[in-house]
Amino acid sequence: MRTEKDKMLAGELYDPLDPELVQARDSARSLCQDLNATRERDQDARRAILKQLFGQGGESVWMQSPFFCDYGSNILLGERVFFNFNCVVLDVCVVKIGDFTLFGPAVQIYTATHPMNAQLRRKQEFAKPIEIGSDVWVGGGAIICPGVRIGSKAVIGAGSVVTRDIPDGVFAAGNPCRVIREITEYGRG
């Protein structure tokens, strides 16, 4: 029989109050609280927490706390990903982030979503995975919605709400976020 965690990671309806999931969220939130209580100079302690928190990439992530997430283990980071202050990742499904990707302050990444049916919503939820390529820059305050893929070398404008896929190598912004133009390889803007 499939567990609630199996259903959750598969993007199916699941019970978020399942004891295994509650314990996993509590553990991740405790790690976030420990991380957020450290000082910048406590690099060894911070690195140990980040390696324990993330499913992948904790050994090279650059983190400005505070940082918050649901599980942590569903966050798979490439090399040298950067999170600025106050980022939130609701990693109910996998969040895969490529190498050298940068997140401005208060970026929010949401895999979690809920059924439209109110009765169903009382007991179950579901999620859609998010994939963000390498060398992406997400401006401060942007929100990345469930199921979105952002291509490599894309730039997302500050305050954008990303509701659909964004291709490689473009500048996209707005609510809803849309492609504004292609990025030239040598251009500054």
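By the neighbour-count criterion of 12 heavy atoms within 6.0 Å, atom CD of E12 is densely surrounded, having more than that number from other residues, nucleotides or ligands. Within a 6.0 Å radius of CZ in R2, other residues, nucleotides and ligands contribute more than 12 heavy atoms.
For the atom pair I156 CD1 and I150 CD1, the distance stands at 4.5 Å (nearest 0.5 Å). Atom CG of D44 is separated from atom CD1 of I49 by 11.0 Å, given to the nearest 0.5 angstrom. Between the CG atom of L90 and the CD1 atom of I75 there is a distance of 9.0 Å, given to the nearest 0.5 Å. For the atom pair OH of Y71 and CG of L21, the computed distance is 4.0 Å after rounding to the nearest 0.5 Å. Distance CZ/F85 to CE/M63: 11.5 Å, rounded to 0.5 Å. Rounding to the nearest 0.5 Å places CD1 of I144 at 10.0 Å from CD of Q108.
Closest approach of L120 and N117 over heavy atoms only: N-OD1, 2.8 Å. Across all their heavy atoms, E79 and S60 have their closest contact at CA-OG, 3.6 Å. The nearest pair of heavy atoms linking P16 to V22 is O-CG2, 3.8 Å. When all heavy atoms of K128 and C93 are compared, the closest pair comes out as C-CB, 3.8 Å. Taking all atoms of both residues into account, the shortest heavy-atom contact from N74 to V92 is ND2-O, 3.6 Å. Of all heavy-atom pairs spanning N36 and S65, the tightest one is OD1-CB, 3.2 Å.
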The test is side-chain contact (heavy atoms from CB on, under 4.5 Å); show your working for V61 and R47 and say whether it passes.
CA-CA 9 Å; V61 65; R47 184 63 55 203; 3.7 Å; yes
For L35 and L50, what are the C-alpha separation, side-chain angles and deciding distance, and is it a side-chain contact (heavy atoms from CB on, under 4.5 Å)?
CA-CA 8 Å; L35 174 70; L50 292 166; 3.9 Å; yes
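One hydrophobic cluster holds both I143 and V88 under the rule that ILVMFWY side chains link at heavy-atom gaps under 4.5 Å. Both L102 and I183 belong to a single network of hydrophobic side chains, linked directly or stepwise wherever heavy atoms of I, L, V, M, F, W or Y lie under 4.5 Å apart. In terms of hydrophobic clustering, with Ile, Leu, Val, Met, Phe, Trp and Tyr side chains grouped at heavy-atom distances under 4.5 Å, M8 and I109 are assigned to different clusters. Note on F171: it clusters hydrophobically with W137, by side-chain heavy-atom contacts below 4.5 Å among ILVMFWY residues. Follow the hydrophobic side-chain contacts under 4.5 Å out from V179 and you reach V148 in the same cluster.
Residue pairs meeting the side chain to side chain donor-acceptor pair (under 3.5 Å) criterion with at least one partner in residues 149-176, sequence neighbours excluded, do not occur; the list is empty.
Side-chain atoms of E125 and Y14 include a donor-acceptor pair closer than 3.5 Å.
Side-chain contact between P105 and N86: absent, with no pair of heavy atoms (C-beta onward) separated by less than 4.5 Å. By the 4.5 Å heavy-atom criterion applied to side chains, Q64 and E40 are counted as neighbours. With a 4.5 Å cut-off on side-chain heavy atoms, F103 and V81 count as touching.
Applying the ring pair (Phe, Tyr, Trp, His ring centres under 6.0 Å) test to F67 and every residue at least two apart in sequence or in another chain returns F54, F83.
The backbone N or O of G133 lies less than 3.5 Å from a partner atom in the side chain of T101, making a donor-acceptor pair. D18 places no side-chain N or O within 3.5 Å of a backbone atom of D15 that could act as its donor or acceptor partner. Judged by distance alone, with hydrogens and angles left aside, the side-chain atoms of R25 form no donor-acceptor pair with the main-chain N or O of D70 at under 3.5 Å. Looking at S30, its side chain does come within 3.5 Å of a backbone N or O of D26 through a donor-acceptor pair.
Checked options V136, L77, V89, V138; the residue passing with I97 is L77 (criterion: side chain to side chain contact (heavy atoms under 4.5 Å, CB included)).
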